[in-house]
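One structure, pasted below without further comment.
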Amino acid sequence: MTATRVLVLNSGSSSVKYQLLDMRDSSRLAVGLVERIGEATSRLVHTPLTGGGGERRERSGPIADHDAALKAVADELAHDGLGLDSPELAAIGHRVVHGGLRFSAPTVITDEVLAEVERLVPVAPLHNPANITGIRTARALRPDLPQVAVFDTAFHTTMPEAAARYAIDVETADAHRIRRYGFHGTSHAYVSRATARLLGKDPSEVNVIVLHLGNGASASAVAGGRCVETSMGLTPLEGLVMGTRSGDIDPAVTFHLKRVAGMSTDEIDALLNKKSGLVGLCGDNDMREIRRRMEEGDERARLAFDIYVHRLKKYIGAYYAVLGRVDALAFTAGVGENSAPVREAAIAGLEGLGLAVDPEPNAARSGEARLISPAGAPVAVAVVPTDEELEIARQTFELVK
């Protein structure tokens with residue numbers, strides 16, 4: 001029997017998201033989530049999807065750590081005949097947020113690889129430790145099975161030095177690994193390729209601007225299938241206005257807050273990462289709620305929306321200049337896929353760049369990849385649902401098959 005299944009694990013600090021896929025047809029066999037790990041109110045939600053789908057199951061109660069969480073996931077999969085001991089399981093693919101410069105492609109996890117991911121913890125302190133915990137637990141459960149790391153940063157390693165380097169002292173930057181790495185790479189890779197398919201072209205023939213707009217948000221300029229620029233930097237803080245992150249800001253603001261407001265480094269970190277962006281501007285980071293408040297005449301919500309859109313326009317224009325020729329602009333992730341007003345506002349006034357949206361397809365709700373630009377528009381505008389789990393599974397399977 002040929003092994004064609006891949007289990008995708010996304011381990012957070014207190015959660016594990018997972019999907020089991022069959023790579024013969026990219027179908028999902030099961031999906032689930034373990035959340036609030038380490039708390040008395042832990043919860044596991046599991047949905048089998050084989051044979052037309054099954055009953056969603058939930059269990060609540062303490063799940064002490066990631067080891068217990070993954071063992072609970074294994075039990076749920078085994079209940080559906082999809083256990084980790086199945087000979088049909090080819091590999092486990094792990095989302096790893098930061099791979100630095102060393103990892104530019106999916107990588108089979110060895111002790112050496114894991115040690116390097118640990119060395120990158122200082123530049124990804126919120127994410128890499130949780131990813132490492134999930135990897136260690138999965139390796140203990142199936143030490144004989146290939147485990148593959150798929151890095152959020154890998155897609156962006158093709159950026160030229162002119163885009164990746166910060167203009168600071170080179171020796172200092174190199175000593176402390178300070179450069180622009182970019183994130184959401186699996187999403188940008190998937191969406192840029194899917195956009196090319198939507199146009200009936202090979203990715204090597206297409207230049208695409210991808211806007212990944214969720215609670216975290218990032219933009220990328222993709223030339224012929226290769227990333228040449230992206231908005232996030234050393235950390236996911238740089239770039240677009242996000243749900244709770246400020247995005248681009250004068251670095252001297254941090255000095256000012258320390259000297260004048262007496263804030264500590266940790267307090268400034270929390271301000272810029274957790275209390276800024278949309279939530280800092282108007283108290284909400286849900287675009288649906290912001291739009292509702294705008295319709296009621298709320299000026300703070302209106303200003304937050306306008307700042308959000310203004311930043312988007314700046315990046316669209318900048319990436320148009322970087323690429324020189326743009327074939328398509330693609331919106332993806334929660335806000336990008338579901339907020340027609342954001343898409344319309346981001347494109348408004350850019351007709352001189354060949355960008356426009358047709359109000360009717362833009363307003364239509366759909367879970368499918370689709371064009372929302374007028375027929376014959378010089379630049380296609382698309383909505384392309386992202387599928388990071390499928391991208392991780394695809395890269396994992398290609399590596400081990």
Side-chain angles (χ1 to χ4, degrees), residues 1-12 15-34 49-50 66 69-70 73-74 77 82-100 102-117 120 124 127-128 130-158 183-194 203 225 227 385-401:
M1 180 182 294
T2 303
T4 59
R5 295 176 182 172
V6 174
L7 177 64
V8 175
L9 294 177
N10 183 351
S11 300
S15 68
V16 175
K17 297 177 184 177
Y18 63 94
Q19 293 194 13
L20 181 66
L21 298 93
D22 190 328
M23 300 315 296
R24 287 175 297 185
D25 57 4
S26 300
S27 61
R28 284 168 173 77
L29 305 178
V31 301
L33 166 69
V34 187
L49 300 173
T50 53
H66 283 71
L70 283 185
V73 170
L77 290 169
L82 304 169
L84 296 190
D85 59 350
S86 168
E88 294 182 68
L89 187 61
I92 298 177
H94 297 265
R95 180 200 181 203
V96 179
V97 167
H98 215 309
R102 177 171 173 181
F103 300 113
S104 59
T107 304
V108 173
I109 298 168
T110 63
D111 291 342
E112 181 186 4
V113 168
L114 198 55
E116 179 63 19
V117 173
L120 289 163
H127 299 94
N128 273 30
N131 302 154
I132 292 165
T133 299
I135 290 169
R136 283 189 172 136
T137 301
R139 290 179 83 196
L141 286 174
R142 279 298 306 269
D144 59 314
L145 196 68
Q147 312 254 346
V148 174
V150 177
F151 299 92
D152 271 14
T153 50
F155 183 62
H156 304 303
T157 58
T158 56
F183 299 89
H184 295 148
T186 51
S187 177
H188 286 282
Y190 177 87
V191 171
S192 59
R193 281 200 301 271
C227 177
T386 192
D387 197 332
E388 294 175 88
E389 290 77 15
L390 176 58
E391 181 68 15
I392 292 170
R394 185 192 67 78
Q395 293 189 27
T396 297
F397 190 63
E398 285 294 319
L399 183 62
V400 304
K401 72 176 183 180

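Small disclaimer: the values here were computed from a predicted structure and weren't measured. One is the number of the first residue; the rest follow in order along the sequence.
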Is there a donor-acceptor pair closer than 3.5 Å between any side-chain N or O of Q19 and the backbone N or O of G32? no

A105 versus A154, closest heavy-atom pair with distance: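 That closest heavy-atom pairing would be N-CB, 4.0 Å.
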
Is there a salt bridge (charged side-chain N to carboxylate O under 4.0 Å, His left out) between R28 and D387? Walk through the geometry before answering. CA-CA 12 Å; R28 284 168 173 77; D387 197 332; 2.5 Å; yes

The reported gap from CG in L390 to OG in S26 (rounded to nearest 0.5 angstrom) is 5.0 Å

Heavy atoms only: give me the nearest L84-A74 pair and the separation to one decimal. CD1-CB, 3.8 Å

Minimum heavy-atom distance between V148 and P106, given as atom pair plus value: CG1-CB, 4.0 Å

Nearest 0.5 Å, what's the OH-CG distance between Y18 and L7? 9.0 Å

Is there a side chain to side chain contact (heavy atoms under 4.5 Å, CB included) between R5 and L29? Walk through the geometry before answering. CA-CA 9 Å; R5 295 176 182 172; L29 305 178; 3.4 Å; yes

Evaluation steps, side chain to side chain contact (heavy atoms under 4.5 Å, CB included), between F183 and H98: CA-CA 8 Å; F183 299 89; H98 215 309; 3.6 Å; yes

Side-chain contact test, heavy atoms from C-beta onward, threshold under 4.5 Å: evaluate it for L9 versus L70 and give yes or no. yes

Are the side chain of T186 and the backbone N or O of E391 linked by a donor-acceptor pair below 3.5 Å?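 Absent.
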
Go through the steps to decide whether L33 and V16 satisfy the test side chain to side chain contact (heavy atoms under 4.5 Å, CB included), and finish with yes or no. CA-CA 6 Å; L33 166 69; V16 175; over 6 Å; no

Measure across A90 and T4 and return the closest heavy-atom pair with its distance rounded to 0.1 Å.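 Smallest interatomic distance, heavy atoms only, reads CB-N, 4.4 Å.
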
Do the side chain of S86 and the main chain of G83 share a donor and acceptor less than 3.5 angstrom apart? no

To the nearest 0.5 Å, tell me how far L49 CG sits from L20 CG.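 Rounded to the nearest 0.5 Å, the CG-CG separation comes to 9.5 Å.
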
Nearest 0.5 Å, what's the CD-CZ distance between E388 and R95? 6.0 Å

Are the side chains of V96 and I135 in contact, using a 4.5 Å heavy-atom criterion? yes

Criterion side chain to side chain contact (heavy atoms under 4.5 Å, CB included) on L114 and R139, from CA distance to verdict: CA-CA 11 Å; L114 198 55; R139 290 179 83 196; 3.8 Å; yes

What one should report as the nearest heavy-atom pair of A91 and T396 is CB-CG2, 3.7 Å

If only atom types and distance count, is the side chain of N131 paired as donor or acceptor with the main-chain N or O of H94 below 3.5 Å?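 Not a single qualifying donor-acceptor pair exists.
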
How far apart are the C-alpha atoms of R394 and E389, what are their side-chain angles, what is the distance that settles it, and do they pass the salt bridge (charged side-chain N to carboxylate O under 4.0 Å, His left out) test? CA-CA 8 Å; R394 185 192 67 78; E389 290 77 15; over 6 Å; no

Closest heavy-atom pair, L21 versus A393, reported as atoms and distance to 0.1 Å, is CD1-CB, 3.9 Å

Could you tell me the separation between the OG1 atom of T110 and the CD atom of E116, rounded to the nearest 0.5 Å?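 Nearest 0.5 Å value for the OG1-CD distance: 10.5 Å.
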
Heavy atoms, side chains only, cut-off 4.5 Å: are H156 and H188 in contact?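 Result yes, sub-4.5 Å side-chain heavy-atom pair found.
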
Looking only at atom types and distance, does a side-chain atom of H66 sit under 3.5 Å from a main-chain N or O of T137, one as donor and one as acceptor? no

Below 30° counts as parallel, above 60° as perpendicular, anything between as tilted: where do the rings of F151 and F103 land?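 The rings of F151 and F103 lie parallel, inter-plane angle below 30°.
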
Euclidean distance, Q395 CD relative to T107 OG1, rounded to 0.5 Å: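 Answer rounded to 0.5 Å: 10.0 Å.
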
